There are 2 protein chains.
Amino acid sequence: MQARPISKPKPQNATQKVADALALAIHEHRLMPGTKLGEDEIGEIYNVSRTVVRAALQSLAHIQLVEIQRNKGAFVASPTTREAREVFEARILLEPRTARSAASRATPRDIEILKDHIAQEHLALDAGDNGRALNLSGRFHIEIARIADQNTISQFIETLIARSSLVIALYWRRESALCESHAHHALVQSIADGDEQNAEELMHSHIVDLNSALDLRDRPVQAQNLRELLQATDQ
Amino acid sequence: MQARPISKPKPQNATQKVADALALAIHEHRLMPGTKLGEDEIGEIYNVSRTVVRAALQSLAHIQLVEIQRNKGAFVASPTTREAREVFEARILLEPRTARSAASRATPRDIEILKDHIAQEHLALDAGDNGRALNLSGRFHIEIARIADQNTISQFIETLIARSSLVIALYWRRESALCESHAHHALVQSIADGDEQNAEELMHSHIVDLNSALDLRDRPVQAQNLRELLQATDQ
DNA sequence: ATGTTCGAAATTGTATACAATCTGACCGCA
DNA sequence: TGCGGTCAGATTGTATACAATTTCGAACAT
């Protein structure tokens, strides 16, 4: 009785595929902030027309993964130190509450998924694939938001995680260790226990820790594109 | 030495203009939830090609003012009762804190602007233009977020206000009075006084009041489009 | 050598053309 | 009458074509 033969051949949205591919590359720090994203170039890579590339770029611009300058083109976004601070302030406001909610709702299946995330994260780290590890680390937070079952807030958190990836690319201090997996492990434990208070507090301190591993002193980030930094751009 | 002759003739972004026009119409409840937004139709109205209409619609879809169904088209979004609840929960989470921050930073100029908003709101109400009044009421909240000087959170609040407009269109109880201007007035007072605690509490209760003026019992909203409601759509 | 002007190449913004999909009505048949 | 199938019209998805703007280098003057 099922109308469809289980799998769609590929009548999928091309725009979404391109957007996802670009987002992944950005999250894994293969595309660094400031990189120019030419429409033709991307179109050739994925064998699609500029129409869909433009749609993908606009979609990414909306979550501020890329920045579109009129008549200039799209670039991987370069959050300022101020924006970086704002992103983490917002995370501190949203995520602890969300972790609490997740602790009150998580099913055994959810715990499985979270533990799996952590395991994969370890694997990536051991393999020296820091980009993949970072991406997984972000998706861990997104997964918690999903468990909390608040789609609206989850979406906000998703964009914050995305921007955090850019912030980390720009401002992460080499000195501080990247291994947050311990914090993640403790979080999962408290969620599994249904300990709302503990989950909320752990998430709070986790994000504070992340934030304090950034060097957000105002300074010229890189000498990469003076133009952007110097000329007063009005949209 | 200024390069440009003060005003741009109109090399402005056509997409943004269309998106703004549509958003305004939605906010003012001239376009009701569920309304089909045909690309050709809108293109003819604003004398632009489908290309820019599509971009505008996708932009609005991203803030969930419209809903795009593949191969079907774009419709003014119809938030479910669940989404409505989520929107207000998110507002309760974000806005009181933002009001507190606004109270600590507002300049005399900011207070002027807020009072002006309220005045205009009164005018619109007296003129019987409920749509305009509702829109102004929303922009009042956005203005407070701007004063709080947290762009990231402001943007979230902006989308929440936008969605609230749809929620109100669908679920507002006729019985309850629309006049929230008293609450707004008290808020401005506490912000002007720099009374952070009071501002936070007033904003909290204000949003709770708004929420309680909605009828969010689960029920078929309208008989408008069975298809959407019945068939499991996988994006 | 330094700085300025001009123009061709490249890139983005917008419009149009073509392909794929959906909608809805008409028609035949039980 | 009611049900199902088929086809034309309409609508969206994607590609291409054209217009507007920027970029960058070469020619030229200082």
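Just so it is clear: chains get the letters A, B, ... in the order the sequence lines come, proteins before strands, and each one is counted from 1. Model, not experiment: these values are computed from the prediction. Atoms considered below: every heavy atom in the structure, side chains included; atoms not considered: hydrogens, waters and symmetry mates.
By the 6.0 Å contact criterion, CZ on A:Arg97 is open, its count of non-hydrogen atoms from other residues, nucleotides or ligands being 12 or less.
As rounded to whole Å, 16 Å separates atom P of C:dT11 from atom CD of A:Gln69. B:Ile68 has its CD1 atom 11 Å from the C1' atom of D:dT12, to the nearest Å. Across the protein-nucleic acid pair, B:Asp40 atom CG and C:dA17 atom P stand 13 Å apart, rounded to whole Å. A straight line from NZ of B:Lys17 to P of C:dT14 spans 12 Å, rounded to a whole angstrom. Atom CZ of B:Arg54 is separated from atom P of D:dT11 by 14 Å (rounded to the nearest Å). Nucleotide C:dT12 holds its C1' atom 14 Å from the CD atom of A:Glu41, rounded to whole Å. If you take CD of B:Glu39 and P of C:dT16, they are 15 Å apart, rounded to a whole angstrom. In this structure, B:Glu44 atom CD and C:dT14 atom P are separated by 19 Å, rounded to whole Å.
Interatomic distance, CD of B:Glu158 versus NE2 of B:His141, reported as 13.5 Å (0.5 Å rounding).
Proximity note for B:Ser49 (side chain, C-beta onward) versus C:dT12, C:dT14, D:dG13: the nearest is C:dT14. Nearest nucleotide to the side chain of B:Lys36, out of D:dT12, C:dA15, D:dC18: D:dT12.
Along DNA chain D, the nucleotide nearest to A:Asn47 and the one nearest to A:Asn71 differ in position, and the one closer to the 5' end is contacted by A:Asn47. Residue order along DNA chain D, read from the 5' end via each residue's closest nucleotide, puts B:Ala74 first among A:Thr51 and B:Ala74.
Between B:Lys72 and C:dA20 there is no side-chain N or O to OP1 or OP2 distance below 4.0 Å.
At least one donor-acceptor pair closer than 3.5 Å links the side chain of B:Ser154 to the backbone N or O of B:Gln150.
Contact record, B:Phe75 with B:Gly34: CD2-O, 3.6 Å, taken as the closest heavy-atom pair.
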